**Student:** 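My structure is below; once you've seen it, I'll send some questions.
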Amino acid sequence: MLLFETVREMGHEQVLFCHGKNPEIKAIIAIHDTSLGPAMGATRLFPYVSEEAALKDALRLSRGMTYKAACANIPAGGGKAVIIANPENKTDELLRAYGRFVNSINGRFITGQDVNITPDDVRTIGQETKYVVGLSEKSGGPAPITSLGVFLGIKAAVEFRWQTKRLDGLKVAVQGLGNVGKNLCRHLHEHDVQLFVSDIDPAKTAEVKRLYGATVVEPSEIYSLDVDIFAPCALGAILNSHTIPFLRASIVAGAANNQLENEQLHSQMLTKKGIIYSPDYVINAGGLINVYNEMIGYDEEKALKQVHNIYDTLLAIFDIAKQQGITTNDAAKRLAEDRIARGKRNKTKALAA
């Protein structure tokens, strides 16, 4: 991996490598773009197979956050942080040390809760820095409102594909039953959707089967099911040259970040198969919307109104893709980059005034 060339090509402003002893900590903070505002992005704690894998994750996720904020019309930039560690080794001392790293950037990066980081962990990080959102006593964790946004995105894709707002009778395969996936199953069940689910944790699939009557399938079977919608809600890079040929769904719409292993190649593969892809950073923006509103003074009604805009944004993206003959991934990027470019011009005008 050519570090500086990769960072330049992806357009990052700053990448920080945080290392310390007592406690031992390795973390990467990637700041992609601050044209629209300070970089916002949650922190992920994960036992990456290599430092290069951790860096790639941070770079891709931070760029996705820039596009997510722009498509959601949130005046914030994109950033992301990863802590290279096994969740079993997570301690308050490690989290507080990480909080001091975040604090040292003086507000250029504002973080919150992602994989293996709980609301209580966020509170611990917050003992060392004010640049953190998602505190349990404020807006809470991002899962409920993220799942609502994904549900609304599914409804938008259904309307565009089949010109109906009804979901009853549709078959949906949900991959991954973490907090977001489980909440999404609840929304779908309330609208009489037939659920098929998979997760590496048998306890999670058993619970969703009991609560919502879902059919449990093996993780390897989830791609090839004869369903209407595939909703990936686990980790990223699951839409690739191996899995896409198995897909029988007409729509892909889920909460996972970085679903496309290769954005250009695999978005084109989905388009050629006639599958409508809901770009992940658009459909899963609910969590960002929620914590941004926390940062400026939480108003639940205002946050929910902005989350409901995900529906209209996706309909616009689907229409752009159809009219211009491009993938929905490219249509979303164009929408985001146009808004970022306007932000940069406005910032330049403000400095010149």
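Predicted model, so just to flag it, every value in this text is computed and none were measured.
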**Student:** Taking transitive links into account, so neighbours of neighbours count too, which hydrophobic residues share a cluster with I320 at under 4.5 Å side-chain distance?
**Tutor:** I326
**Student:** Can you tell me if CZ on F17 sees more than 12 non-hydrogen neighbours from other groups inside 6.0 Å?
**Tutor:** yes
**Student:** Is it true that I283 and L270 fall in one hydrophobic cluster, defined by side-chain heavy atoms closer than 4.5 Å?
**Tutor:** no
**Student:** Kindly indicate whether the side chain of L260, heavy atoms from C-beta on, has any atom under 4.5 Å from the side chain of N240.
**Tutor:** no
**Student:** Quick one: do the E128 and Y98 side chains pair a donor with an acceptor below 3.5 Å?
**Tutor:** no
**Student:** Counting only pairs under 3.5 Å, give me each side-chain donor-acceptor contact of residues 212-239, with atom names and distances, residues two or more places apart or in other chains.
**Tutor:**
unit_1, atom_1, unit_2, atom_2, d
Y223, OH, Q175, NE2, 2.9
S224, OG, E221, O, 3.4
D228, OD2, K171, N, 2.8

**Student:** Provide the closest heavy-atom pair for R339 versus A70 in the form atom of the first, atom of the second, distance.
**Tutor:** NH1-O, 2.9 Å
**Student:** Test of understanding: clusters of I, L, V, M, F, W, Y form through side-chain heavy atoms closer than 4.5 Å, transitively. Do I275 and V150 belong to the same one?
**Tutor:** no
**Student:** Apply side-chain contact (heavy atoms from CB on, under 4.5 Å) to the pair H12 and L59, showing each step before the final yes or no.
**Tutor:** CA-CA 8 Å; H12 284 74; L59 293 175; 3.6 Å; yes
**Student:** V102, V291: one ILVMFWY side-chain cluster at the under-4.5 Å cut-off?
**Tutor:** yes
**Student:** Under 3.5 Å, is there a donor-acceptor pair between the side chain of N290 and the main chain of G286?
**Tutor:** no
**Student:** Taking D280 for its side chain and Q259 for its backbone only, find out whether a donor-acceptor pair lies under 3.5 Å.
**Tutor:** yes
**Student:** Please check if any side-chain donor atom of N284 sits under 3.5 Å from a side-chain acceptor atom of N257, or the reverse.
**Tutor:** yes
**Student:** Could you tell me whether the side chain of T146 and the main chain of G287 form a donor-acceptor pair under 3.5 Å?
**Tutor:** yes
**Student:** Do I154 and L152 have side chains that approach each other closer than 4.5 Å (heavy atoms only, starting at C-beta)?
**Tutor:** no
**Student:** Nearest heavy-atom pair of K130 and N103: which atoms, and what distance?
**Tutor:** N-OD1, 4.1 Å
**Student:** Kindly indicate whether the side chain of I83, heavy atoms from C-beta on, has any atom under 4.5 Å from the side chain of R44.
**Tutor:** no
**Student:** For a quick check under 3.5 Å, do T43 and T111 share a side-chain donor-acceptor pair by atom type?
**Tutor:** yes
**Student:** Would you say N293 and Q306 are linked by a side-chain donor-acceptor pair, where the criterion is simply a distance under 3.5 Å?
**Tutor:** yes
**Student:** Show, in sequence, the C-alpha distance, side-chain angles and deciding distance for R63 and E263, and conclude whether the salt bridge (Lys or Arg N to Asp or Glu O under 4.0 Å) test is met.
**Tutor:** CA-CA 12 Å; R63 183 180 61 178; E263 291 181 358; 3.0 Å; yes
**Student:** Mark yes when over 12 heavy atoms from residues, nucleotides or ligands other than K273 sit less than 6.0 Å from its NZ; otherwise mark no.
**Tutor:** yes
**Student:** Nearest heavy-atom pair of N116 and P87: which atoms, and what distance?
**Tutor:** ND2-CG, 3.4 Å
**Student:** If I take atom CD from residue Q324 and atom CG from residue D330, how far apart are they, to the nearest 0.5 angstrom?
**Tutor:** 10.0 Å
**Student:** Got a sec, which pairs hit salt bridge (Lys or Arg N to Asp or Glu O under 4.0 Å) with one end in residues 205-216, sequence neighbours left out?
**Tutor:** K182-E207
**Student:** Rounded at 0.5 Å granularity, tell me how far CD1 in I317 sits from CZ in R334.
**Tutor:** 12.5 Å
**Student:** Does anything in residues 67-85 form a salt bridge (Lys or Arg N to Asp or Glu O under 4.0 Å)? List the pairs, not counting sequence neighbours.
**Tutor:** K80-D114
**Student:** Nearest 0.5 Å, what's the CG-CG distance between L45 and N86?
**Tutor:** 8.5 Å
**Student:** Out of curiosity, I251 CD1 to I276 CD1, how far, rounded to the nearest 0.5 Å?
**Tutor:** 5.5 Å
**Student:** What pair of heavy atoms forms the shortest contact from P279 to L314, and how long is it?
**Tutor:** CD-CD2, 4.0 Å
**Student:** Could you check whether E301 pairs with K305 (Lys NZ or Arg NE/NH1/NH2 to Asp/Glu carboxylate O, under 4.0 Å)?
**Tutor:** no
**Student:** Can you confirm whether F46 sits close enough to D57 that some side-chain heavy atom of one is under 4.5 Å from a side-chain heavy atom of the other?
**Tutor:** no
**Student:** Using the rule that Ile, Leu, Val, Met, Phe, Trp and Tyr join whenever any side-chain heavy atoms are under 4.5 Å apart, tell me whether L95 and I105 fall into a single cluster.
**Tutor:** yes
**Student:** Distance-only, no hydrogens or angles: does the T328 side chain make a donor-acceptor pair with backbone N or O of S278 under 3.5 Å?
**Tutor:** no
**Student:** Check the pair R108 / N106 against side-chain contact (heavy atoms from CB on, under 4.5 Å), numbers first and verdict last.
**Tutor:** CA-CA 6 Å; R108 273 179 56 78; N106 296 318; over 6 Å; no
**Student:** Find out whether V133 and M40 are in side-chain contact, i.e. whether some heavy atom of one side chain is under 4.5 Å from a heavy atom of the other.
**Tutor:** yes
**Student:** Determine the minimum heavy-atom distance between L177 and C185, stating which atoms define it.
**Tutor:** CD2-SG, 3.8 Å
**Student:** Only counting residues at least two apart or in another chain, list the ones meeting side-chain contact (heavy atoms from CB on, under 4.5 Å) with E300.
**Tutor:** Y298, L304
**Student:** Tell me, with the steps shown, if V158 and L170 meet side-chain contact (heavy atoms from CB on, under 4.5 Å).
**Tutor:** CA-CA 10 Å; V158 167; L170 292 178; 3.8 Å; yes
**Student:** Given side-chain hydrogen bond (donor to acceptor under 3.5 Å, both in side chains), test E93 with N22 step by step and report yes or no.
**Tutor:** CA-CA 8 Å; E93 290 75 16; N22 300 317; over 6 Å; no
**Student:** Decide whether D121 and T118 meet the rule of one side-chain donor and one side-chain acceptor closer than 3.5 Å.
**Tutor:** yes
**Student:** Extract all donor-acceptor atom pairs below 3.5 Å that involve side chains of residues 23-36 and protein atoms in other chains or at least two apart in sequence.
**Tutor:**
unit_1, atom_1, unit_2, atom_2, d
E24, OE2, H19, NE2, 3.3
K26, NZ, E51, OE2, 3.2
H32, ND1, T66, OG1, 2.8
H32, NE2, M10, O, 2.7
D33, OD1, S35, N, 2.7
D33, OD1, S35, OG, 2.7
D33, OD2, S35, OG, 3.4
T34, OG1, E13, OE1, 2.9
T34, OG1, E13, OE2, 3.2

**Student:** Could you point out which residue of H308, H189, H187 forms a ring-ring contact (aromatic ring centres under 6.0 Å, His included) with F151?
**Tutor:** H187
**Student:** Could you check whether any side-chain heavy atom of P47 comes within less than 4.5 Å of a side-chain heavy atom of E88, counting everything from C-beta outward?
**Tutor:** no
**Student:** Taking all non-hydrogen atoms of both residues into account, name the closest pair between I289 and A303 and its distance.
**Tutor:** CG2-O, 3.7 Å
**Student:** Indicate yes or no: at least one non-hydrogen side-chain atom of Y131 is less than 4.5 angstrom from one of P38.
**Tutor:** no
**Student:** Same hydrophobic cluster for V208 and L148, using side-chain heavy-atom links shorter than 4.5 Å among ILVMFWY?
**Tutor:** yes
**Student:** Any donor-acceptor pair under 3.5 Å linking the side chain of T129 with the backbone of I125?
**Tutor:** no
**Student:** Taking C-beta and beyond as the side chain, do R342 and R345 meet within less than 4.5 Å on heavy atoms?
**Tutor:** yes
**Student:** About how many Å separate NZ of K56 and OH of Y48, when rounded to the nearest 0.5 Å?
**Tutor:** 13.0 Å
**Student:** Would one find more than 12 heavy atoms of other residues, nucleotides or ligands at under 6.0 Å from atom CZ of R186?
**Tutor:** yes
**Student:** Take atom CD1 in I296; do more than 12 heavy atoms of anything else shown fall under 6.0 Å from it?
**Tutor:** yes
**Student:** Can you tell me how far the CD1 atom of I110 sits from the CD atom of E294, to the nearest 0.5 Å?
**Tutor:** 10.5 Å
